[in-house]
Amino acid sequence: MNTQDLYIQNSLTREKEKFEPIEEGFIGMYVCGPTVYSDVHLGNCRTFVSFDVIYRYLLHLGYKVRYVRNITDVGHLTDDADQGEDKIAKRAKLEKLEPMEVVQKYTNGFHDMMDVFNTKKPSIEPRATGHIMEQIKMVEAILDNGLAYESNGSVYFNTVKFASENEEYGKLSGRVIDELMSESRDDLKKQDEKQHPSDFAIWMRADETHLMKWESPWSIGFPGWHLECSAMSTKYLGEHFDIHGGGNDLKFPHHENEIAQNMGACNCTPANYWIHTNMLLMNGRKMAKSDNNSITPEQLFTGDSEHISKAYSPMIVKFFMLQSHYGSTLDLTDAGLLAAEKGYKRIMEANRYLQAIENGGNGNEDVEEKIGTLINQAQADMNDDFNTPKSLSRLFELVPIINSHKDGKEGFSDISQQVIDKLKQTFSIYLFDIFGLKDEFESEGNAISSKFSGLMELIIDIRKDARTEKNWSTSDKIRDKLQELDIQLKDGKEGTHWSLN
RNA sequence: GGUCGCGUGGCCGAGUGGCUAGGCAGAGGUCUGCAAAACCUUGUACGGCGGUUCGAAUCCGUCCGCGACCUCCA
């Protein structure tokens, strides 16, 4: 594996593969967005933070990326077996709102949360209801190809026929149609409209009470959930594009059926690389309200939950997520968050010090070689399937070097200006551009923080005089009172530094 | 029951056929008026049992446990 090349773990082949874009320099990436029927789930946040880092890294590599992430605002049923209510409509009735009010409300909430986590906005964020025509056209194409059938105003994708003509069905999820068949034979009688239980609706006839419905050649109805992603990815990225992503839980049936629809419509596989993010657990188990084992992003930020001992800021939560690989389950625990908080502060503080270094020394070969190696490894780690935890660990290994410079240690102090600049650039690019973190103190508003800094310098100066006079009671009083305000003084060889706790 | 995946030191979490992850916590030291911070040093690890191999925590089998999805049940 060449560390200069990007490798991606491809869910479709279950292999780590070298990434080669369809068109040199350009990447089309589609990620399944949220169904906006309730407040965004913390697990969703992890997924979109993961793809945000992937997006940012691809941009960093110089690709021109078209990142499409949809908003599902129709067709996602409470029960995936093509029965049950539309999630949006159900919520609309519950809250006595127009369906589109529900959609707007939770879309706004989702966007706000994505901002809180400092993720970049996608290039295009299409909505299912805005693409009914495209979906109807796709149903027609699939019908024309003989891979769907109409039944009582609804249209179903014929999985049996598709699977018999094509080995693709089940490839992503590892499911085999024969098994699906034998598994659910008992169901067959119940479903009079479907020819086979594994068939799925691509258009559904709506009854009179249904809130969201459109005219189509088959009935007044609405599109099946899986169809929107096929239609919108095709519209904005073409029939064949580079990367398709989503949460692990969408692999089956959603993504499997998406592939089937695209192939059924144009006989081409939609994406070369499929990326699936893994689940966020809490205390070792899945988050579920019914088990009282769940926490919302807001609760994390306010500390208002029995599961955590204190509040954690968004960047600490994000840092916590980045310390695991997107493909692994991540276990949210109070101890884990506490550790992440300390780590986050340590690395941010080192960066703040680093960026303020003005003059380099004469150069020190040993240290500079070590720095160069670590910087290269950080990049190689990101190239290896976006390994953020490993890449972060390289930055952490650079922290003692930076802090030694602060202490005026021999060897570390005479790093050349060139290497210092390289370090500055590396930290800035990785922490902020690629990982999308923010220094929460720095971002609190420059006007305030610069006055605040001036004030702190004054206080430190007064305390220094007291210390020179060995007036320990005054100097300790300043230190202790500031500590009570969560401002920590740190006496070092080069003078006193301060930080916010 | 099926499909996919996971099980690493006190906690979180990378990685690998023989060679340091990293963070947090712990221990010792340096520094300090004292402290904190910082720096240096440091420990027990790869679920159980078999097998392949000169050598496996890393590959294979099996058992146990966990998670997601599907199914079943409710």
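Convention: sequence-line order gives letters A, B, ...; per-chain numbering from 1.
- Of the listed nucleotides (B/A38, B/C12, B/A35), B/C12 has the atom at the smallest distance from the side chain of A/F320.
- Residue A/S475 is in base contact, counting any heavy-atom pair closer than 4.0 Å across all strands shown.
- Pairing partner, B/G61: B/C49, with both Watson-Crick or wobble hydrogen-bond distances short of 3.5 Å.
- Along RNA chain B, the nucleotide nearest A/D249 and the nucleotide nearest A/S393 are compared for position; the residue whose nucleotide lies closer to the 5' end is A/S393.
- Two rings, from A/Y273 and A/F19, have their centers less than 6.0 Å apart.
- Considering only side-chain atoms of A/K390, the nucleotide from B/G15, B/G5, B/G23 that sits closest is B/G15.
- Between A/E341 atom CD and B/G22 atom P the separation is 22 Å, expressed in whole Å.
- Between A/D433 and A/R56 no salt bridge is recorded (no basic side-chain N to carboxylate O distance below 4.0 Å).
- Contact annotation: side chain of A/R394 to base of B/A21, donor-acceptor pair absent below 3.5 Å.
- Nucleotides of RNA chain B nearest to A/L330 and A/L338 differ in position, and the one nearer the 5' end is that of A/L330.
- More than 12 heavy atoms of other shown residues, nucleotides or ligands fall within 6.0 angstrom of atom CD in A/E298.
- Distance CG (A/L332) to C1' (B/G67): 15 Å, rounded to an integer number of Å.
- Look at the P atom in both B/A56 and B/G17: the space between them is 15 Å, to the nearest Å.
- Nucleotide B/U16 forms no Watson-Crick or G-U wobble pair with any nucleotide shown, as no partner meets the under 3.5 Å limit on both distances.
- Below the 3.5 angstrom threshold, one finds a donor paired with an acceptor across the side chain of A/D476 and the base of B/G33.
- Separating the C1' atom of B/U20 from that of B/G43 is a span of 15 Å, rounded to the nearest Å.
- A straight line from NZ of A/K370 to C1' of B/C39 spans 12 Å, rounded to a whole angstrom.
- Between the side chains of A/H276 and A/H255, at least one donor-acceptor pair of N or O atoms lies under 3.5 Å.
- The backbone N or O of A/S305 lies less than 3.5 Å from no partner atom in the side chain of A/Q299, so there is not a single donor-acceptor pair.
- Look at B/C39: its Watson-Crick or wobble partner, with both distances under 3.5 angstrom, is B/G29.
- Nucleotides B/C31 and B/C39 place their C1' atoms 8 Å apart, quoted to the nearest Å.
- Ring orientation note: the planes of A/F396 and A/F319 are nearly perpendicular, at an angle over 60° on the 30°/60° scale.
- Crowding of A/K470 atom NZ: a count of heavy atoms from other residues, nucleotides or ligands under 6.0 Å not exceeding 12.
- Checked by distance alone, A/R346 brings no side-chain donor or acceptor within 3.5 Å of a matching partner on the base of B/C24.
- A/E349 has its CD atom 10 Å from the P atom of B/C39, to the nearest Å.
- Comparing B/G23, B/C70, B/C34 against the side chain of A/P253 picks out B/C70 as the nearest.
- Across all strands, A/E397 comes closer than 4.0 Å only to sugar-phosphate atoms, never to a base (heavy-atom distances).
- Taking the P atom of each, B/G47 and B/G29 are spaced 36 Å apart, rounded to whole Å.
- Within the 4.0 Å cut-off from OP1 or OP2 of B/A25, at least one side-chain nitrogen or oxygen of A/K342 is found.
- The gap from the P atom of B/U58 to that of B/G7 amounts to 11 Å, rounded to the nearest Å.
- Atom-to-atom, CD1 of A/I308 to P of B/C24 comes out at 20 Å; the value is rounded to the nearest Å.
- Between B/C12 and A/S324, no contact under 4.0 Å exists linking OP1 or OP2 to a side-chain N or O.
- Judged by ring centres under 5.5 Å apart and planes tilted less than 30 degrees, A/F396 fails to stack against the six-membered base ring of B/G23.
- Closest contact between the side chain of A/T333 and the listed nucleotides B/G23, B/C12, B/G5 involves B/C12.
- Comparing the P positions of B/A36 and B/U30 gives an interatomic distance of 14 Å, to the nearest angstrom.
- Atom CG of A/N278 is separated from atom C1' of B/C69 by 12 Å (rounded to the nearest Å).
- Per the geometry, CZ belonging to A/F386 stands 19 Å off C1' belonging to B/G15, to the nearest Å.
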**OP:** Might you work through the ring-ring contact (aromatic ring centres under 6.0 Å, His included) test for A/F48 and A/F117, ending with a clear yes or no?
**Re:** CA-CA 9 Å; A/F48 299 127; A/F117 277 112; over 10 Å; no
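- For B/G10, the paired base is B/C24 (Watson-Crick or G-U wobble, both distances below 3.5 Å).
- Within the 4.0 angstrom heavy-atom criterion, no nucleotide atom of any strand lies near A/K470.
- Straight-line distance from the OH atom of A/Y326 to the C1' atom of B/G5: 14 Å, rounded to whole Å.
- No hydrogens or angles were tested; on distance alone, nothing pairs the side chain of A/D491 with the base of B/A36 as donor and acceptor under 3.5 Å.
- The listed nucleotides are B/G22, B/C70, B/A35; the one nearest the side chain of A/F252 is B/C70.
- The partner of B/C4, taking Watson-Crick or G-U wobble pairs whose two distances both stay under 3.5 Å, is B/G67.
- Distance noted for atom P between B/C34 and B/G23: 28 Å (whole Å).
- Among the nucleotides B/A14, B/A36, B/G33, the one closest to the side chain of A/W472 is B/G33.
- Contact annotation: A/N387 side-chain N/O to B/A14 OP1/OP2 distance is not under 4.0 Å.
- Across the P atoms, B/G5 and B/C60 are found 12 Å apart, a figure rounded to whole Å.
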